[in-house]
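We name chains A, B, ... by the order of the sequence lines, and we start the count at 1 in each one.
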Number of protein chains: 2
Amino acid sequence: MLSKSCQHGIKAMICIKKNAQKSKPVSIGEVSSKINVPEAYTSKILQRLVKAGMHKSKKGVNGGFYIENRLLDKLTLWHIVNEIDGVNLKYGCVLGLDDCSNQHPCPVHNEYKSIRQNLITFFENTYLTDLTENMVKSLFDKAYVNK
Amino acid sequence: MLSKSCQHGIKAMICIKKNAQKSKPVSIGEVSSKINVPEAYTSKILQRLVKAGMHKSKKGVNGGFYIENRLLDKLTLWHIVNEIDGVNLKYGCVLGLDDCSNQHPCPVHNEYKSIRQNLITFFENTYLTDLTENMVKSLFDKAYVNK
DNA sequence: ATCAAATCGGACACGAATGTCCGAATTGAG
DNA sequence: CTCAATTCGGACATTCGTGTCCGATTTGAT
């Protein structure tokens, strides 16, 4: 469904958002150990999301990642998913046909439309802010994280 | 969403079903050229579906693949999808957590449940028989098939 | 000014899904 | 019986997403 990079991206952003109130940015080391994903890999994904304008990074001592205040309650899972797995999810044909469209529909094109829209809407409606401390705690429970 | 093997499996089964009325089984060569997937690869996928009891194969001259009459109007996309991508679709956590469950839900476990069920129901409700000649023709249109 | 702490970026390594090859086994036609 | 047509099965090759390494760059503290 979602690629690992995308899954890790979501977990990382949740982790960064969780620490948004602190004055200090969160370092890669902290994020990666919290979500149990290798540091270098986490780094790559966060770099990509920074470039996409999702959050900011700061080099040097006391540097790290942080989310701007104006974006804090705007960010949804879709922002992340769209950046990393977007093209495939939005436009990919269920059966993998190259040019599946309203003009040249695959056998289940029309039926699948609403399913795909459900999924996208689900991501669009899930704001990082809405994920409460309680909902998020399983993410950082070492016994259950990672695949 | 679906693996290529799964997508090819669906296309192949649609192709075999389309020829079900003929007395003669359909050969791998015929199927693979129709759906524009390499012969050896198609073969591997169809072997797997035969083992899963979805259809039958017959070796030797005039051999090939065919669907038993008693199954012709029973087969759904879910039979195929479940066999090839099933575990992941049915039980996989959106965020990739190892043990995401009602007991240890990930941050979006409960919200995602109905999305996943929608998808499964869509496959369950799509019978091979329901895919009419007209719906299916784009599948075999060389200009638009394959990825 | 220097140095340590951090991100950045590119090249490389690994692993799993995808795809290929070829010989073995089976079957029916002649 | 023999042979050609076909599926079967295992080993191999390729590709691509995943993950690693390391040096370059930036930044702030002292």
Side-chain angles (χ1 to χ4, degrees), chain A residues 1-12 16 19 23-33 35-52 54-67 81 83-89 92 95-96 146-147, chain B residues 1-12 16 19 23-33 35-52 54-67 81 83-89 92 95-96 146-147:
Chain A
M1 180 63 86
L2 296 181
S3 68
K4 291 207 175 177
S5 295
C6 190
Q7 295 173 335
H8 297 335
I10 292 174
K11 290 183 288 186
I16 292 172
N19 290 37
S23 57
K24 227 180 95 185
V26 198
S27 73
I28 291 179
E30 193 175 341
V31 173
S32 72
S33 74
I35 67 178
N36 210 22
V37 171
E39 203 166 309
Y41 193 16
T42 308
S43 168
K44 281 285 182 293
I45 298 167
L46 287 182
Q47 275 178 45
R48 187 168 172 185
L49 296 181
V50 165
K51 280 187 185 156
M54 221 145 296
H55 60 154
K56 298 264 189 173
S57 66
K58 206 174 116 183
K59 286 182 179 176
V61 179
N62 291 323
F65 298 89
Y66 62 97
I67 300 175
V81 172
E83 171 60 28
I84 300 180
D85 287 349
V87 175
N88 194 26
L89 266 188
L95 301 187
N146 217 5
K147 175 161 281 180
Chain B
M1 180 65 87
L2 296 180
S3 69
K4 291 208 175 178
S5 295
C6 190
Q7 295 174 335
H8 297 334
I10 292 173
K11 290 183 290 187
I16 293 172
N19 290 37
S23 57
K24 228 181 93 185
V26 197
S27 73
I28 290 180
E30 192 173 345
V31 173
S32 70
S33 72
I35 66 178
N36 209 23
V37 171
E39 202 165 312
Y41 192 17
T42 308
S43 167
K44 281 283 182 295
I45 297 167
L46 287 181
Q47 275 177 45
R48 186 166 172 186
L49 296 181
V50 164
K51 279 189 185 154
M54 221 145 297
H55 61 155
K56 297 264 188 173
S57 66
K58 208 173 114 183
K59 286 182 182 177
V61 179
N62 291 323
F65 297 90
Y66 62 97
I67 300 174
V81 173
E83 172 60 28
I84 300 181
D85 288 347
V87 175
N88 194 26
L89 266 188
L95 302 187
N146 216 4
K147 174 164 280 180

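- Between the P atom of D:dG19 and the CD atom of A:Gln7 lies a distance of 10 Å, rounded to the nearest Å.
- We find that CD of A:Gln47 is positioned 10 Å from C1' of C:dG10, with the value rounded to whole Å.
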Dump every N/O contact between nucleotides 26-30 of chain C and the protein below 3.5 Å, one line per pair.
none

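- To the nearest 0.5 angstrom, B:Ile67 atom CD1 is 10.0 Å from B:Met54 atom CE.
- A distance-only check finds a donor-acceptor pair linking the side chain of B:Asp85 to the backbone of B:Ser3 [under 3.5 Å].
- For the side-chain contact (heavy atoms from CB on, under 4.5 Å) test, residues two or more places apart in sequence or in another chain that qualify with A:Lys56 are A:Tyr66, A:Glu68.
- Going from atom CZ of A:Arg48 over to atom C1' of D:dG19 covers 15 Å, rounded to whole Å.
- The distance between atom NZ of A:Lys56 and atom P of D:dT27, rounded to the nearest whole Å, is 13 Å.
- When rounded to the nearest whole Å, the span between CZ of A:Phe65 and P of C:dT7 equals 5 Å.
- When the P atom of D:dT7 is taken as reference, atom NE2 of B:His55 falls 11 Å away, rounded to whole Å.
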Pairs: protein N or O with nucleotides 16-18 of chain D N or O, under 3.5 Å:
residue : atom : partner : partner atom : Å
D:dT18  : OP1  : A:Lys4  : N            : 2.8
D:dT18  : OP2  : A:Ser5  : OG           : 3.0

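- At the heavy-atom level, B:Gly64 lies under 4.0 Å from the strands shown only through sugar-phosphate atoms.
- Taking CD of A:Glu30 as the start and CD1 of A:Ile16 as the end, the distance is 10.0 Å to the nearest 0.5 Å.
- Out of C:dT20, D:dG9, D:dT6, the shortest distance to the side chain of B:Lys51 is found at D:dG9.
- Sequence order on DNA chain D of the closest nucleotides to B:Lys44 and B:Ser27 puts B:Ser27 first from the 5' end.
- Rounded to the nearest 0.5 angstrom, B:Cys6 SG and B:Asn88 CG are separated by 11.0 Å.
- For the pair A:Leu49 CG and C:dT7 P, the interatomic distance rounds to 14 Å; values are reported in whole Å.
- One atom, CD1 of A:Ile28, and another, P of D:dC21, lie 15 Å apart when rounded to the nearest Å.
- Taking only side-chain nitrogens and oxygens, A:Ser57 comes nearer than 4.0 Å to OP1 or OP2 of C:dC8.
- Between atom CD1 of residue B:Ile35 and atom CD1 of residue B:Ile10 there is a gap of 11.0 Å, rounded to the nearest 0.5 Å.
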Which pairs would a plain distance check flag for residues 39-51 of chain A, meaning a side-chain donor or acceptor within less than 3.5 Å of a matching protein atom at least two apart in sequence or in another chain?
residue : atom : partner : partner atom : Å
A:Tyr41 : OH   : A:Ser5  : OG           : 2.8
A:Thr42 : OG1  : A:Val37 : O            : 3.3
A:Thr42 : OG1  : A:Pro38 : O            : 2.8
A:Ser43 : OG   : A:Gln47 : NE2          : 3.3
A:Arg48 : NH2  : A:Glu83 : O            : 3.2

